[in-house]
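Numbers restart at 1 for each chain; the letters A, B, ... are given by sequence-line order, proteins then strands. What you see is a predicted model; the values in this text were computed from it and never measured.
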2 protein chains.
Amino acid sequence: MSGYLGSFVHQVDAKGRVALPASFRRGSESESFILIQVHEDALSLFPHSSWRPVEEELRELIRKQPEARAGVLALTASALEVSTDKQGRILIPDRMRELVGLRREALFVGALNKIEIWDPKRFRDSTEAPDPKFDPFIESIFA
Amino acid sequence: MSGYLGSFVHQVDAKGRVALPASFRRGSESESFILIQVHEDALSLFPHSSWRPVEEELRELIRKQPEARAGVLALTASALEVSTDKQGRILIPDRMRELVGLRREALFVGALNKIEIWDPKRFRDSTEAPDPKFDPFIESIFA
DNA sequence: GGCTCGGTGGGGAAAAGTGGGGGAAAGTGG
DNA sequence: CCACTTTCCCCCACTTTTCCCCACCGAGCC
């Protein structure tokens with residue numbers, strides 16, 4: 001199975017629940033993910049297989065650069081393990097939704113090793129004019 | 001087995017389904033591909049064996065040039081994993097067909113490591129007058 | 001002619017997405 | 001340790017979408 005791909009808009013219900021897109025569910029039922037805000041504008045959802053190396057690298061960073069400890073701690077403090085319920089939904093705490101401007105609609109975006117969760121409008125604004133400087137690099141990757 | 005070669009026109013039915021040319025089917029039944037818009041005028045279809053290195057290089061690009069993240073995210077967001085049904089057809093979402101002007105007919109073109117899907121007319125317009133500047137290079141490859 | 005294989009079309013069962021009620025569990029205060 | 005509140009999550013119900021399966025048609029081969 002390859003990485004996460006595609007984009008899907010789902011409703012956030014009154015209880016803060018959102019259905020994880022079916023194509024992002026790997027195992028049969030009730031899997032769990034790490035929910036964390038890595039970037040300014042979006043939440044990230046890591047399956048355990050992708051999270052493990054991240055965790056290793058974070059510890060490695062602290063070992064080599066102890067001054068990075070506070071920054072790493074701020075990240076881990078606001079991260080969270082979430083599980084799908086029997087209907088395949090995850091619960092996103094209100095606080096986290098506010099951080100990235102999520103309202104009634106959540107856009108799930110496949111980003112290879114992880115899933116990003118965006119407010120649809122913000123995503124459009126952030127990706128509508130990608131920097132053409134990188135086009136040659138990207139083109140050559142697909143050649 | 002060598003790369004994809006040849007071109008085949010197939011009908012897109014009312015549900016958005018198109019038969020994958022039989023000569024592009026490798027395994028026995030129900031294989032899956034990555035469907036993505038890499039170029040302006042056509043969709044690309046990667047078998048998993050070709051896709052894996054692409055995925056690696058995309059992640060490498062983001063690691064080395066974080067500003068490329070938005071561009072790569074826009075790509076993966078619009079990409080999609082598609083599987084053939086028991087009749088050997090794939091489903092192309094309406095949105096993707098509009099992006100490259102696909103209507104009732106789809107032209108499948110073998111492009112070595114991947115398959116490209118074109119609107120027949122666009123393909124004719126794009127390839128009828130190739131730049132002769134590169135002819136010597138191409139000729140020398142076959143010498 | 002009868003067979004197989006590749007391509008095309010449509011009906012219907014199964015899955016995915018959405019919403020709400022209620023019981024269990026966890027957190028809080030006496 | 002017991003009551004009360006709040007949060008969580010399981011269950012059921014409903015709608016929409018997906019895709020599985022069957023049937024047909026035509027071309028080429030035995």
Strand partner of C:dG30, provided both Watson-Crick or wobble distances fall under 3.5 Å:
D:dC1
Is B:Ile117 linked to B:Leu80 within one hydrophobic cluster, defined over Ile, Leu, Val, Met, Phe, Trp and Tyr using a side-chain heavy-atom separation of less than 4.5 Å?
yes
Could you pull out the closest heavy-atom pair between [X] and [Y], with the gap in Å?
X: B:Met96; Y: B:Ile36; value: CE-CA, 4.4 Å
X: B:Arg59; Y: A:Asn113; value: NH2-ND2, 3.4 Å
X: A:Leu91; Y: A:Val82; value: O-CG1, 3.9 Å

Is the Lys NZ or Arg CZ of B:Arg52 less than 6.0 Å from the centre of B:Phe46's six-membered ring, within 45° of the axis?
no
Does the structure place the NZ or CZ of B:Arg26 under 6.0 Å from the centre of the six-membered ring of B:Tyr4, at an angle of no more than 45° from the ring's axis?
yes
Residue A:Glu40 excluded, over 12 heavy atoms near CD under 6.0 Å:
no
For B:Glu55 and B:His48, test the side chains for any donor-to-acceptor distance below 3.5 angstrom and give the result as yes or no.
no
For nucleotides 5-24 of chain C, just jot down a letter per nucleotide in 5' to 3' order: B, S or -, based on protein non-hydrogen atoms under 4.0 Å.
-SSBBBB----SSBBBBB--
Under a criterion of less than 4.0 angstrom to any heavy atom of chain B, what are the 5'-terminal and 3'-terminal contacting nucleotides of DNA chain D?
D:dC19 to D:dC22
